[in-house]
Number of protein chains: 2
Amino acid sequence: MNIYDIASKAGVSIATVSRVLNGKGNVSEKTKEHVLSIIEEMGYTPNIFARGLGLNSIKMVGILCSDVSDIYYATAVSTIEKELRQSGYDSLLCCTGDNIEDRKKSIDLLLSKRVDAILLVGSTFKEKSDNSHILDAAKNVPFVMINDFIDAPNIYGIVCDDFNAVRENTSIFLEQGLRRIAYLYDADTYSGALKLSGFRAAFTQLNTLSDPELIVRCAHSPEAAREQTLRLLQKQKRRLEAVVTSDDCLAVGALQAAVSAGLQIPHDIQIIGFNNSLLARCANPALTSIDNKVELLSVTAVRTLIDVFAHKNVSNKIVLSAELVKRSTTI
Amino acid sequence: MNIYDIASKAGVSIATVSRVLNGKGNVSEKTKEHVLSIIEEMGYTPNIFARGLGLNSIKMVGILCSDVSDIYYATAVSTIEKELRQSGYDSLLCCTGDNIEDRKKSIDLLLSKRVDAILLVGSTFKEKSDNSHILDAAKNVPFVMINDFIDAPNIYGIVCDDFNAVRENTSIFLEQGLRRIAYLYDADTYSGALKLSGFRAAFTQLNTLSDPELIVRCAHSPEAAREQTLRLLQKQKRRLEAVVTSDDCLAVGALQAAVSAGLQIPHDIQIIGFNNSLLARCANPALTSIDNKVELLSVTAVRTLIDVFAHKNVSNKIVLSAELVKRSTTI
DNA sequence: AATGAATATGTAAGGGCTTACATCCATTTT
DNA sequence: AAAATGGATGTAAGCCCTTACATATTCATT
């Protein structure tokens, strides 16, 4: 069944059917309704490929995500997908892992599927030299990044003010007189770098320096964070007073370490997570966490993209503020 | 740039270029390499729409998921996506929520995008009457369901033996002499129904009956489960001895309730989760959980689908076994 | 009633690929 | 040496839309 069948059954030309389907051009109300009724009656769906051939777009946006099984990215992807659909776009999902080569392939793949744009969830790597494939992709379609930014034409970054989020909350600890503050982080990404500098800046502000031994990189799992925190707790002669983390899942690990070391939380040690995910609510005691507003970031990203499609004037970088959600691991 | 450009640059016909691109038909090794080098040199990518028009497929599978922000579904989608890509298929993601109307729309949408198959993640509803749209869809493309099954042509179910998983683990409690065992569940789905009957069956096996007041349905959040468990703890004259749940996130809520009631875990009360997700590892004390093997289910689903594409003989229902992962909330 | 503008509809030319069928050529067979 | 075979390649039709342009119709204006 194709547009010709509908046209002949409705006694009109295929052009008229097409116009009805696309709501473009002039069709009399009467004809329009008649055609629609035939379409309904025969259960006709236009062939997306033929349509794509004509329009060179099938309203599909590629989502590039390093790992949707991560609860944070999952929330982002979920929000993006919903918001896109509401705007009439579908989502082609591509999870790439953290490997540059794979991501290059994924971008090529999305482009070969003729997506109308690419939305990146999950930070790129710090070595900007390896981002040439993103710049290339942006020559073909708009490229929107969440929690990341590259200053180049046709690239839009929706980021959270991670620097100040960490700086301010670290400062709170410092103002309480604490100095033995550890920082646990996992990835060396754009936003990861911001958070780390935020941590350091809090110390600099007070003309102090953070102890380099207390800044620890570890794998993205509670187990890894637990191990690292236990190590710090054992090694330090002076007691660890607080732990700041780049992700709730690390904070949970730190929390487990503190609990197993018999420390009272938050009296003996305070812990602060990042992302305000389900993990923060599930931890025991419940985790204080910096909410960097994934949903808002995601919605903003999609809206930005829609504006770009509509040739509206859009700023290349949008910065949102994080917000602390206080629970039981801080005073 | 199109296939004609490549053909003329290579001094061959478009048919030959097409044959090289698709690896079909006979092309001499020499010509093939020459054409490939031109393609490489010019950076040519065949137009996916034109190709789709000819083949009526662009190797894309629709993933229908009620909610990717749920950590369990996120893992499933992530695994599916990876496995599909390895088999040369891409994933069109569609999150539908738990609403039948929305799901109908999503299925239509996937079909209109001419996906080669639909993969459903997340159970359908118990009222089979409302599954007519799935049966309809299966007339067009293979339909694979994870954790669900409808016995109809072209529908394949990859399920976990949820019934026995819950039955066996409930039995362990009963064999310990416990009788005041609560069951917390969230959704009234296919696998949800299996789990619930498994719970009941454990009692029936011993010619006992479960207390209907201890079988509680609640929303899918730790907070809701916490509240319900607190209610049970307060109401019951005889002490609650164990809680079985249909999802880790409910188990975490139950755990929080028990902790806040000052109970010793697992001495005073034992708790068992389901799915063995990150939440189980993050809980404190760490949660014993039934692992229903999402990754394996997902991989099996995709492999089944690939077999169906290859017209291999595939059984309509594949049942995998769950496995208990013991942590600190059971004896 | 004649003219022109605006609206409604139709015709036909792409858009870029796949593939059945036709053709050509180099082998092998008799 | 002629015929048969089969591999390599080309031609052209078809897939199903969109849309520029052409034509027909309607309506308002003079």
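All chains are named by letter (A, B, ...) in the order of the sequence lines, taking the proteins before the strands, and each is independently numbered beginning at 1.
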Colleague: Quick one: bend of the helix from C/dA1-D/dT30 to C/dT30-D/dA1 from 5 pairs per end, to 10°?
Modeller: 40°

Colleague: Looking only at atom types and distance, does a side-chain atom of B/S315 sit under 3.5 Å from a main-chain N or O of B/K317, one as donor and one as acceptor?
Modeller: yes

Colleague: Please confirm whether the backbone N or O of B/C95 pairs with a side-chain atom of A/R85, one donor and one acceptor, at under 3.5 Å?
Modeller: yes

Colleague: Contact list please: residues 27-43 of chain A against DNA chain D, heavy atoms, distance less than 4.0 Å, in numerical order.
Modeller: none

Colleague: Who pairs with A/Y72 by ring-ring contact (aromatic ring centres under 6.0 Å, His included), at least two apart in sequence or on another chain?
Modeller: none

Colleague: May I have the distance from B/N26 (atom CG) to D/dG10 (atom P), rounded to whole angstrom?
Modeller: 14 Å

Colleague: A/I58 CD1 to D/dC17 C1': how many Å, rounded?
Modeller: 13 Å

Colleague: Any salt bridge (charged side-chain N to carboxylate O under 4.0 Å, His left out) involving residues 292-312 of chain A? Give me the pairs, sequence neighbours left out, ordered by first then second residue.
Modeller: A/E83-A/R303, A/K293-A/E323, A/D307-A/K312

Colleague: Polar atom pairs between nucleotides 4-6 of chain C and protein, under 3.5 Å, N or O only, would you list them?
Modeller:
none

Colleague: Check this for me: B/K104, atom NZ, are more than 12 non-hydrogen atoms of other residues, nucleotides or ligands nearer than 6.0 Å?
Modeller: yes

Colleague: Is any side-chain heavy atom of B/R103 closer than 4.5 Å to one of B/I134?
Modeller: yes

Colleague: What residues, two or more places apart in sequence or in another chain, satisfy side chain to side chain contact (heavy atoms under 4.5 Å, CB included) together with B/L110?
Modeller: B/L64, B/L92, B/C94, B/V115, B/I118

Colleague: Will you find, in the side chains of B/D116 and B/S57, an N or O donor that is under 3.5 Å from an N or O acceptor?
Modeller: yes

Colleague: Please tabulate, for the side chains in residues 8-27 of chain A, all donor-acceptor contacts under 3.5 angstrom to protein atoms that are two or more places apart in sequence or on a different chain.
Modeller:
unit_1, atom_1, unit_2, atom_2, d
A/S8, OG, A/Y4, O, 3.4
A/S8, OG, A/D5, O, 3.2
A/S13, OG, A/A15, N, 3.4
A/S13, OG, A/T16, N, 3.4
A/S13, OG, A/T16, OG1, 3.4
A/S18, OG, A/N22, ND2, 3.3
A/N22, OD1, A/R51, NH2, 3.3
A/N22, ND2, A/S18, O, 2.8

Colleague: Give every donor-acceptor pair under 3.5 Å between a side-chain atom in residues 35-48 of chain B and any protein atom, sequence neighbours left out.
Modeller:
unit_1, atom_1, unit_2, atom_2, d
B/S37, OG, B/H34, O, 2.6
B/N47, OD1, B/F49, N, 2.7
B/N47, OD1, B/A50, N, 3.0

Colleague: Tabulate protein N/O versus nucleotide N/O from nucleotides 16-22 of chain C, keeping only pairs under 3.5 Å, one per line.
Modeller:
unit_1, atom_1, unit_2, atom_2, d
C/dG16, OP2, B/N2, ND2, 3.4
C/dC17, OP1, B/Y44, OH, 2.1
C/dC17, OP1, B/N47, N, 3.1
C/dC17, OP2, B/I3, N, 2.4
C/dC17, OP2, B/Y44, OH, 3.4
C/dT18, OP1, B/N22, OD1, 3.1
C/dT18, OP1, B/N22, ND2, 2.7
C/dT18, OP1, B/R51, NE, 3.1
C/dT18, OP2, B/S18, OG, 2.4
C/dT18, OP2, B/N22, ND2, 3.4
C/dT19, OP2, B/K24, NZ, 3.3

Colleague: According to salt bridge (charged side-chain N to carboxylate O under 4.0 Å, His left out), does anything in residues 86-95 of chain A pair up with another residue at least two apart or in another chain? List the pairs.
Modeller: A/D90-B/K113

Colleague: In residues 137-146 of chain B, what donor-acceptor pairs under 3.5 Å come from side-chain atoms, sequence neighbours left out?
Modeller:
unit_1, atom_1, unit_2, atom_2, d
B/K139, NZ, B/D136, OD1, 3.3

Colleague: So, B/D70 and B/H220: side-chain donor and acceptor under 3.5 Å apart, yes or no?
Modeller: yes

Colleague: Tell me if the centroids of the rings in B/F149 and B/Y156 come within less than 6.0 Å of each other.
Modeller: no

Colleague: Testing the basics here: between B/Y190 and B/N147, what is the closest heavy-atom pair and its distance to 0.1 Å?
Modeller: CD2-O, 3.6 Å

Colleague: Taking N or O atoms only and anything under 3.5 Å, show me the protein contacts with nucleotides 23-29 of chain D, one pair per line.
Modeller:
none

